[in-house]
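Predicted model only: the values in this text are computed from it and were never measured. When a residue number appears, it is its place in the shown sequence, counting from 1.
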Amino acid sequence: MIPLRRDRNFNLLLSGRVISYAGDQIQDFAFLLLVLAMTGSSGQSGFVLGLNTVSYLLFGLVAGVLADRWDRRRTMIWCELGRAALAGSVAVALWLDGLTLPHLYAVAALAGVLTTLFEAAGAAALPSIVGPDRLSRALGVTQGVLNTLRVGGASIAALVHGLGRTVPFVVNAVSFVASAATIRLMRAPFQGERHAAAPAGRVTAEIREGLGWLWRQPVIRLFALVQTGDNLRYGAGYLVIVTLAQGVGASPAQIGLIFSGAAVGALAGSLLADRVARRFPLGGIAVTMLWVEALVFPLYAAAPGPLLLGLVAAAESVIAPICSVAIGTHRLTVTPEPLRGRTSAAVQTLTMGALSIGTMLGGAVIAAIGPQATTLALGGWLALLALFATANRDVRTAALTPAERP
């Protein structure tokens, strides 16, 4: 078996993800500052950022059906090219000094639709590309590389933003084209034998088939609910941290460094993911993650400056990638290949839909009660999730099977 580091197809896939992810980080940071500058409203910023993921709620289940029906390689390529066109449209509008909030809303929503389909196809294809015995390591390596990029990504995003308003969107458009090119160069299978194209009326039946299988898996179902609750907090948390940082006088570059601190913590977790997943049960990892987040998150409210905000972000972020690798490995390993698109999309619909709702509600709550009170309320929500996970025997005792261990 060829090691992942020498696997041409995996390296091409990973290279495309890295390039695209870097462009997204730069654009997301620019989106946030651009909307704040245009409106002066944290609520509007939260709404625009939330539109980028609300498509998981509206389109996620259909995207799963399409990922199981269509050629996954072609689907991923066209999604990347579509996202490139959307990013380019913002750059052109800014250059012509004609950018409007409705334009940003449309770009965020359409990009979210394409991202939903891309992620569903990519998640379903990964076991076919790397094989089941290398799946956990592939997930861990991917998270590790992306989190390495995150270490300097926010700071780079702030620097790129400083070069001009159009530059972040031009960079992101180019990154999507490059990602599409790497996928086109791959020669690995992206799926098994595809189903024949079904009539449109069968989409609902295919969605029910995927959801029915998922519902009959208690471990996957419960962890999906736990991740959904955690993402609801995470969506609001991003805007909370930005608002708290601005409240203590942090510059855009310093805000970037705060998120770099979170990336350092996530990178440490990614490096430990294989080892921890091998030694500890899946349920124990999830319960520990929730308690760490519940105890650490309220510390954001007490941090007096950017440095301590960055340290809190680093401490909070260590265990999440470990939990994500373990849960993702279990779900993709036990799911039948023809259902991977639908089941992955169903989980994404829950988790990313919660992220979207959390982002949009977060801006409104911050405007109503202030960032410090919002931080404490989110800490209380995490404590409730941790209590639920600790009290639930199915969550607490869940473990990877020997075949799933890295």
Quiz prompt | Nearest non-hydrogen partners of L385 and G229, listed with the distance | solution = CD1-C, 3.3 Å

Practice problem: Determine whether L382 and D230 make a side-chain contact, defined as any pair of heavy atoms from C-beta on separated by less than 4.5 Å. | Solution: yes

Quiz item: What's the shortest heavy-atom distance between I322 and L272, and which atoms?
Solution: CD1-CB, 4.2 Å

Quiz item: Taking side chain as C-beta onward, heavy atoms only, is I319 less than 4.5 Å from W291?
Solution: no

Quiz item: Does any pair with a residue in residues 238-256 pass salt bridge (charged side-chain N to carboxylate O under 4.0 Å, His left out), and if so which ones, sequence neighbours excluded?
Solution: none

Practice problem: May I ask you to check if R331 and F223 form a cation-pi contact, with NZ or CZ under 6.0 angstrom from the six-membered ring centre and within 45° of the axis? | Solution: no

Exercise. List in chain and number order the residues that pass salt bridge (charged side-chain N to carboxylate O under 4.0 Å, His left out) with R340, two or more places apart in sequence or in another chain; answer none if no residue qualifies.
Key: none

Quiz item: Is there a donor-acceptor pair closer than 3.5 Å between any side-chain N or O of R233 and the backbone N or O of L378?
Solution: no

Quiz item: Heavy atoms, side chains only, cut-off 4.5 Å: are R342 and V65 in contact?
Solution: yes

Quiz item: Under the 3.5 angstrom rule, does the side chain of R83 hit a backbone N or O of T115 as a donor-acceptor pair?
Solution: no

Practice problem: Give a yes or no on whether the backbone of G341 and the side-chain of D68 come within a donor-acceptor separation of less than 3.5 Å. | Solution: yes

Practice problem: Measure across L117 and F59 and return the closest heavy-atom pair with its distance rounded to 0.1 Å. | Solution: CB-CE2, 4.2 Å

Quiz prompt | Intermediate values then yes/no, side chain to side chain contact (heavy atoms under 4.5 Å, CB included), V226 and F388 | solution = CA-CA 9 Å; V226 168; F388 164 77; 4.0 Å; yes

Quiz item: Are L222 and N392 close enough that some pair of their side-chain heavy atoms sits under 4.5 Å apart?
Solution: yes

Quiz item: What is the distance from atom CG of L232 to atom CG of L361, rounded to the nearest 0.5 Å?
Solution: 7.0 Å

Quiz item: How far apart are the closest heavy atoms of A303 and V248, and which atoms are they?
Solution: O-CG1, 4.2 Å

Exercise. List the steps and the verdict of side chain to side chain contact (heavy atoms under 4.5 Å, CB included) for V347 and L214.
Key: CA-CA 9 Å; V347 173; L214 194 63; 4.2 Å; yes

Quiz item: CD of E293 to CG of L290: how many Å apart, nearest 0.5 Å?
Solution: 6.0 Å

Quiz item: With sequence neighbours left out, which residue pairs that include part of residues 105-122 fulfil the salt bridge (charged side-chain N to carboxylate O under 4.0 Å, His left out) condition?
Solution: none

Quiz prompt | Side-chain H-bond candidate by donor/acceptor type, N172 with S175, under 3.5 Å | solution = yes

Quiz item: Which atom pair, heavy atoms only, marks the closest approach of S317 to P321?
Solution: O-CD, 3.3 Å

Quiz item: Do any N or O atoms from the side chain of N9 and from the backbone of R187 form a donor-acceptor pair under 3.5 angstrom?
Solution: yes

Exercise. Could you tell me whether the side chain of S89 and the main chain of L86 form a donor-acceptor pair under 3.5 Å?
Key: yes

Practice problem: Enter the distance from L309:CG to I258:CD1 here, rounded to the nearest 0.5 Å. | Solution: 4.5 Å

Quiz prompt | N/O donor-acceptor pair under 3.5 Å between R72 side chain and A67 backbone | solution = yes

Practice problem: Output yes when a side-chain donor or acceptor of W78 lies under 3.5 Å from a complementary backbone atom of L114, and no otherwise. | Solution: no

Quiz item: For the side chain of Q254 and the backbone of S251, is there at least one donor-acceptor N/O pair under 3.5 Å apart?
Solution: yes

Exercise. May I ask you to test the V365-V240 pair for a side-chain heavy-atom distance under 4.5 Å?
Key: no

Quiz item: Where do G210 and T343 come nearest, in terms of heavy atoms and distance?
Solution: O-CG2, 3.9 Å

